[in-house]
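Down below is the structure, laid out as structure tokens.
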Amino acid sequence: MRFIFFSLLILNVGLAVYGFVVMPGKSPAAESTPAKSLASVRIPEQPVSAGSTANSGSSRLCAFIGPFENLAQGDILVERLAALEVSSRLQDVAVPTQKAYWVYLAPMVTREEALRLLSELQAQSIDSFVIPKGSLANGISLGLFNEKARAVARQRDIVSRGYAAQIKEELRTIQQSWVVADAETASLLGSKAWADLLDGLDEITYKQNYCPDVASLQ
């Protein structure tokens, strides 16, 4: 009887040890290494900029890869994309750099009226000029400022002199060279393909935005 008791005890202990050692939960060593993501090859997914349709003549999405200081490298990427049946081009793109605040007077009906107002302002030593084109054409520019507080101070000074100065927020831009391709076609390339395409290229990013007639990134 004692022999049977000890035999069963040894058997239960053996089963417990087997279950603990042979059938554990997933161990860290057993976890698979994740595949290289787009972010790891400097092509993060980017949301489409809100409001970009306002400056765009198209609702079609484009992929923007860049910027390229060395234009030869951009041309090489265009050729390599063509070999993968992705149509693209190297294009100058206006890229916003910082906000600016434009103090101005609303446009006059005619340029002659704008010039008369300009003479009146300059007679009071108010730095100003007639805006030649754009949505504020024939308006009077009273200064462009990087800091909003300085723009507000300028506006108050002009208002105190009897003129209805206003402030418009602007985005200053710089011109950069980007490779522009159809976003749907470009997105068919996987992470490895993009890693191979951009191997050795530093500070290159991938963005998606609407395809305008004259490309701009926001």
Side-chain angles (χ1 to χ4, degrees), residues 33-102 104 107 131-137 139 141 144-148 151 166-218:
T33 302
K36 181 180 285 187
S37 67
L38 287 180
S40 67
V41 294
R42 306 185 302 281
I43 315 175
E45 289 296 327
Q46 298 288 338
V48 176
S49 172
S52 57
T53 52
N55 299 320
S56 170
S58 170
S59 61
R60 186 169 59 88
L61 287 178
C62 275
F64 294 81
I65 305 97
F68 288 93
E69 293 185 5
N70 185 336
L71 300 185
Q73 290 180 331
D75 288 332
I76 290 172
L77 179 59
V78 169
E79 293 176 1
R80 297 179 71 182
L81 285 169
L84 296 172
E85 299 184 349
V86 177
S87 177
S88 63
R89 64 191 182 280
L90 187 62
Q91 181 170 335
D92 286 340
V93 177
V95 180
T97 56
Q98 64 181 18
K99 289 182 180 180
Y101 302 91
W102 196 0
Y104 70 97
I131 301 171
K133 60 183 178 179
S135 60
L136 297 179
S141 174
L144 188 65
F145 302 88
N146 292 332
E147 299 175 6
K148 187 174 183 179
Q166 303 178 51
I167 296 177
K168 181 180 181 181
E169 188 175 293
E170 294 281 315
L171 276 177
R172 289 183 171 176
T173 63
I174 59 173
Q175 291 292 319
Q176 294 180 338
S177 296
W178 290 66
V179 171
V180 182
D182 177 71
E184 184 176 357
T185 306
S187 65
L188 296 178
L189 301 181
S191 300
K192 186 178 186 306
W194 278 112
D196 291 341
L197 283 168
L198 302 183
D199 184 37
L201 298 178
D202 296 324
E203 305 301 327
I204 298 300
T205 58
Y206 177 108
K207 300 177 183 290
Q208 285 190 7
N209 209 331
Y210 289 103
C211 303
D213 295 330
V214 179
S216 61
L217 284 180
Q218 295 187 21

Exercise for the section: Report yes if some heavy atom in the side chain of V78 is under 4.5 Å from a heavy atom in the side chain of R80; otherwise report no. Expected result: no

Practice task
Output, in order, the C-alpha distance, side-chain angles, deciding distance and verdict of salt bridge (charged side-chain N to carboxylate O under 4.0 Å, His left out) for K99 and E170.
Solution key: CA-CA 6 Å; K99 289 182 180 180; E170 294 281 315; over 6 Å; no

Problem - Q175 CD: over 12 foreign heavy atoms closer than 6.0 Å - result: yes

Handout entry: Nearest non-hydrogen partners of V180 and Q91, listed with the distance
Key = CG2-CB, 4.0 Å

Handout entry: Given I174, L171, T173, the one that forms side-chain contact (heavy atoms from CB on, under 4.5 Å) with T97
Key = I174

Exercise for the section: Before giving the answer on side chain to side chain contact (heavy atoms under 4.5 Å, CB included), spell out for I131 and W102 the whole-Å C-alpha distance, their side-chain angles and the decisive distance to 0.1 Å. Expected result: CA-CA 11 Å; I131 301 171; W102 196 0; 3.4 Å; yes

Handout entry: Note, V179 side chain near F64 side chain (heavy atom, < 4.5 Å)
Key = no

Handout entry: Close side-chain approach of L189 and L84, heavy atoms under 4.5 Å
Key = yes

Problem - Closest contact, heavy atoms only, A186 versus W194 - result: O-NE1, 3.5 Å

Exercise for the section: List the atom of A183, the atom of C62, and the distance in Å for their closest heavy-atom pair. Expected result: CB-C, 3.6 Å

Practice task
Please report the closest heavy-atom contact between Q98 and N146, naming both atoms and the distance.
Solution key: NE2-OD1, 3.1 Å

Handout entry: Considering all heavy atoms, the nearest L71-L90 contact
Key = O-CD2, 3.7 Å

Exercise for the section: Calculate, to the nearest 0.5 Å, the distance between atoms CZ and CG belonging to R172 and L144 respectively. Expected result: 4.5 Å

Handout entry: Minimal non-hydrogen separation, I204 against L201, with atom names
Key = CG1-CB, 3.7 Å

Fill in the blank from the handout: Between the OG atom in S87 and the CG atom in L81, the distance rounded to the nearest 0.5 Å is 9.5 Å

Handout entry: Exceeds 12 heavy-atom contacts within 6.0 angstrom, atom NZ of K168
Key = yes

Exercise for the section: Using the side chain to side chain contact (heavy atoms under 4.5 Å, CB included) rule, take L77 and F68 through it: C-alpha gap first, then chi angles, then the decisive distance, then the call. Expected result: CA-CA 10 Å; L77 179 59; F68 288 93; 3.6 Å; yes

Problem - Derivation and outcome, side chain to side chain contact (heavy atoms under 4.5 Å, CB included), residues T185 and E85 - result: CA-CA 8 Å; T185 306; E85 299 184 349; over 6 Å; no

Exercise for the section: For residues Y104 and L136, determine if any side-chain heavy atom of one lies less than 4.5 Å from a side-chain heavy atom of the other. Expected result: yes

